[in-house]
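Sequence lines set the chain letters: A, B, ... in the order given, protein chains first and strands last, and positions in each chain run from 1. Just so it is clear, the structure is predicted and the values come from calculations on it, not from any experiment.
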There are 2 protein chains.
Amino acid sequence: MELAAAKLKFIEAWGKLGSEWGINRTMAQVHALLLISPEALTTEEIMEALSISRGNANMTLRDLIGWGLIEKQHKAGERKEYFFADKDVWNIARQVAKERKKRELEPVLKVLNELSNVTGDEKDPAYKTFKKSLTDINKLAGNVDKTLETMLKAEESWFWGSVLKVFK
Amino acid sequence: MELAAAKLKFIEAWGKLGSEWGINRTMAQVHALLLISPEALTTEEIMEALSISRGNANMTLRDLIGWGLIEKQHKAGERKEYFFADKDVWNIARQVAKERKKRELEPVLKVLNELSNVTGDEKDPAYKTFKKSLTDINKLAGNVDKTLETMLKAEESWFWGSVLKVFK
DNA sequence: ATAAACTTTCAATAATATTTGAAAGTTTAA
DNA sequence: TTAAACTTTCAAATATTATTGAAAGTTTAT
């Protein structure tokens, strides 16, 4: 397969994966484009490469910066802003985990926590079932949370080394 | 907080979490409802509890069965179908992991694999960057895949015991 | 100060996803 | 059979989310 075709396919696949996991398709595509680009690109070039409008490109780039996945770059003597992506896939994974944990997981954990002081009759099956589910979910969520925390601090090789070692 | 209010809040929170992770909000809500219900419920009761239409309820229930998260139950002498959710949170997590791996991760891994035999000039930075990204993503994806596989087979306590042990 | 080069905003529009509800389909009991 | 009880389907309506593009805003050089 030719490089040009492969690039398009990669961008498409990355975009699809993103959209299935709650990340805007265009955002994932722009990220993919920058990820496989050796040099930083301008808004103009990104618009061109993905056939998207200026407004869309601008907002998407801003979002990606907010996610910590790309950065602006300024070239000496040029007005234009260039954008480039962190190429370290482990950093990317950590960054995404960090943001989603903060934006989505933590608010839910907060609600679950509030709910755990629900009042009711210990003899009521509805109450007991509710309590049990909450407790179990909290336990699981606590473990997920701890593991993510470790991941966020860890080096890739150490993390996978540790995790995979116990699984063979 | 009263049980009734707490239930509503839980259903809402579960629905929101679901929608942020690419799962239809109604589907997550129906699942939440059944998860905290001690007995199996009819379509009618679910429609009523969540104010959704018959068609929506029917499709959502079918989807949830497809995900392996709920089951039908028949009561002796009754025509109606009852639905109940597996209450084991670890089973739920595994089931969701299994389905999403199959439906979304695997197709992408397949594409990534196809892309890895892209042809090009080793001296071309665009080619080198592309190759490098692919290789790195494949490596990470491989580790995620192995870990998920282990999770799917494992008992909860063993899995978290093993993972958390190395993280203390 | 002015104008060119570039970036940002946001109301309008388009695309996508979800939901409805009534009709069609199925099963059971008498 | 027939009809009541129940389930499924799916075209149309609604709601949600993403995108456009032109106008407004900003920065820099002269």
Side-chain angles (χ1 to χ4, degrees), chain A residues 11-12 14-34 40-67 69-84 100 103-104, chain B residues 11-12 14-34 40-67 69-84 100 103-104:
Chain A
I11 290 167
E12 195 190 340
W14 208 238
K16 185 150 166 274
L17 185 65
S19 73
E20 284 163 342
W21 287 84
I23 286 159
N24 179 306
R25 206 182 87 256
T26 302
M27 188 168 143
Q29 287 183 338
V30 171
H31 182 239
L33 176 66
L34 291 174
L41 302 178
T42 62
T43 301
E44 210 74 36
E45 290 169 320
I46 292 164
M47 287 165 57
E48 162 79 11
L50 301 178
S51 307
I52 61 174
S53 71
R54 184 171 302 286
N56 195 5
N58 182 267
M59 281 183 157
T60 299
L61 288 167
R62 198 131 51 74
D63 283 353
L64 280 169
I65 290 173
W67 277 72
L69 294 175
I70 68 171
E71 286 177 43
K72 281 186 187 175
Q73 191 174 68
H74 287 281
K75 296 204 177 176
E78 290 209 49
R79 291 279 306 275
K80 279 196 289 271
E81 293 179 326
Y82 286 77
F83 299 90
F84 72 98
R100 299 206 73 159
R103 295 177 193 207
E104 291 139 25
Chain B
I11 290 167
E12 195 189 342
W14 208 239
K16 184 150 165 271
L17 185 65
S19 71
E20 284 163 342
W21 288 84
I23 286 159
N24 180 307
R25 205 182 88 256
T26 302
M27 189 169 142
Q29 287 183 338
V30 170
H31 182 239
L33 176 65
L34 291 174
L41 303 179
T42 62
T43 301
E44 210 73 36
E45 289 168 320
I46 292 164
M47 287 165 57
E48 160 79 12
L50 302 178
S51 307
I52 62 174
S53 72
R54 184 172 302 285
N56 194 5
N58 182 266
M59 282 186 156
T60 299
L61 288 167
R62 198 133 51 76
D63 284 353
L64 280 169
I65 290 172
W67 277 72
L69 293 175
I70 68 172
E71 287 176 44
K72 281 186 188 176
Q73 191 174 67
H74 287 281
K75 296 205 177 175
E78 290 210 49
R79 292 277 309 272
K80 279 196 287 269
E81 294 178 326
Y82 286 77
F83 299 89
F84 72 99
R100 300 208 72 161
R103 295 179 193 205
E104 290 140 26

All N/O pairs under 3.5 Å across the protein-nucleotides 27-30 of chain C interface:
| residue | atom | partner | partner atom | Å |
| --- | --- | --- | --- | --- |
| C:dT27 | O2 | B:R79 | NH1 | 3.4 |
| C:dT27 | O2 | B:R79 | NH2 | 2.9 |

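Regarding A:M47, its CE atom lies at a distance of 13 Å from the P atom of C:dT8, rounded to whole Å. At whole-Å resolution of the value, CZ in A:R25 and P in D:dT19 are 6 Å apart. Separating the NZ atom of A:K75 from the P atom of C:dC6 is a distance of 13 Å, rounded to the nearest angstrom. Spacing between atom CD of B:E78 and atom P of D:dC6 amounts to 8 Å, rounded to whole angstrom units. At whole-Å resolution of the value, CG in B:D63 and P in C:dA17 are 14 Å apart. Distance A:L61 CG to C:dT8 P: 9 Å, rounded to the nearest Å. One atom, CG of A:L64, and another, C1' of C:dT8, lie 16 Å apart when rounded to the nearest Å. One interatomic measurement links the two molecules: CG of B:L50 to P of C:dT20, which rounds to 10 Å at whole-angstrom precision.
Residues B:M27 and A:R54 both approach DNA chain C. Their nearest nucleotides, taken by heavy-atom distance, put A:R54 toward the 5′ side.
Nearest to the side chain of A:K80, among D:dT20, D:dT9, C:dC6, sits C:dC6. You'll find that the side chain of B:E81 is closest to D:dT8, out of C:dT8, D:dT19, D:dT8. Here the nucleotide nearest the side chain of B:N56, chosen from C:dT20, C:dT8, D:dT8, is C:dT20. In this structure, the nucleotide among D:dG21, D:dT9, C:dT8 sitting nearest to the side chain of B:R62 is D:dT9. When the nucleotides D:dA18, D:dT8, D:dT20 are ranked by their closest atom to the side chain of B:N58, D:dT8 comes out on top.
In the displayed structure, B:Q73 atom CD is contacted under 6.0 Å by more than 12 heavy atoms of other residues, nucleotides or ligands. Within 6.0 Å of CD on B:E20 lie more than 12 heavy atoms contributed by other residues, nucleotides or ligands. For B:E81, the CD atom is densely surrounded, since the number of other residues' heavy atoms within 6.0 Å is greater than 12.
Checking side-chain atoms of A:T60 against main-chain N and O of A:A57 turns up no donor-acceptor pair under 3.5 Å.
Side-chain atoms of A:W67 and A:M27, non-hydrogen and from C-beta on, do get closer than 4.5 Å to each other. Using a 4.5 Å cut-off on side-chain heavy atoms (C-beta onward), A:I23 and A:R100 make contact.
Within the nucleic acid shown, B:S51 comes within 4.0 Å of sugar-phosphate atoms alone, with no base atom in reach, counting heavy atoms only.
For B:T26, a side-chain nitrogen or oxygen approaches OP1 or OP2 of C:dT19 to under 4.0 Å.
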Task: Secondary-structure notation, DNA chain C, from Watson-Crick and G-U pairs under 3.5 angstrom (| other strand) - done: ||||||||||||||||||||||||||||||
TODO: Dump the intermediate steps for side-chain contact (heavy atoms from CB on, under 4.5 Å) on B:R54 and B:M47, then the final yes or no.
DONE: CA-CA 6 Å; B:R54 184 172 302 285; B:M47 287 165 57; 3.8 Å; yes
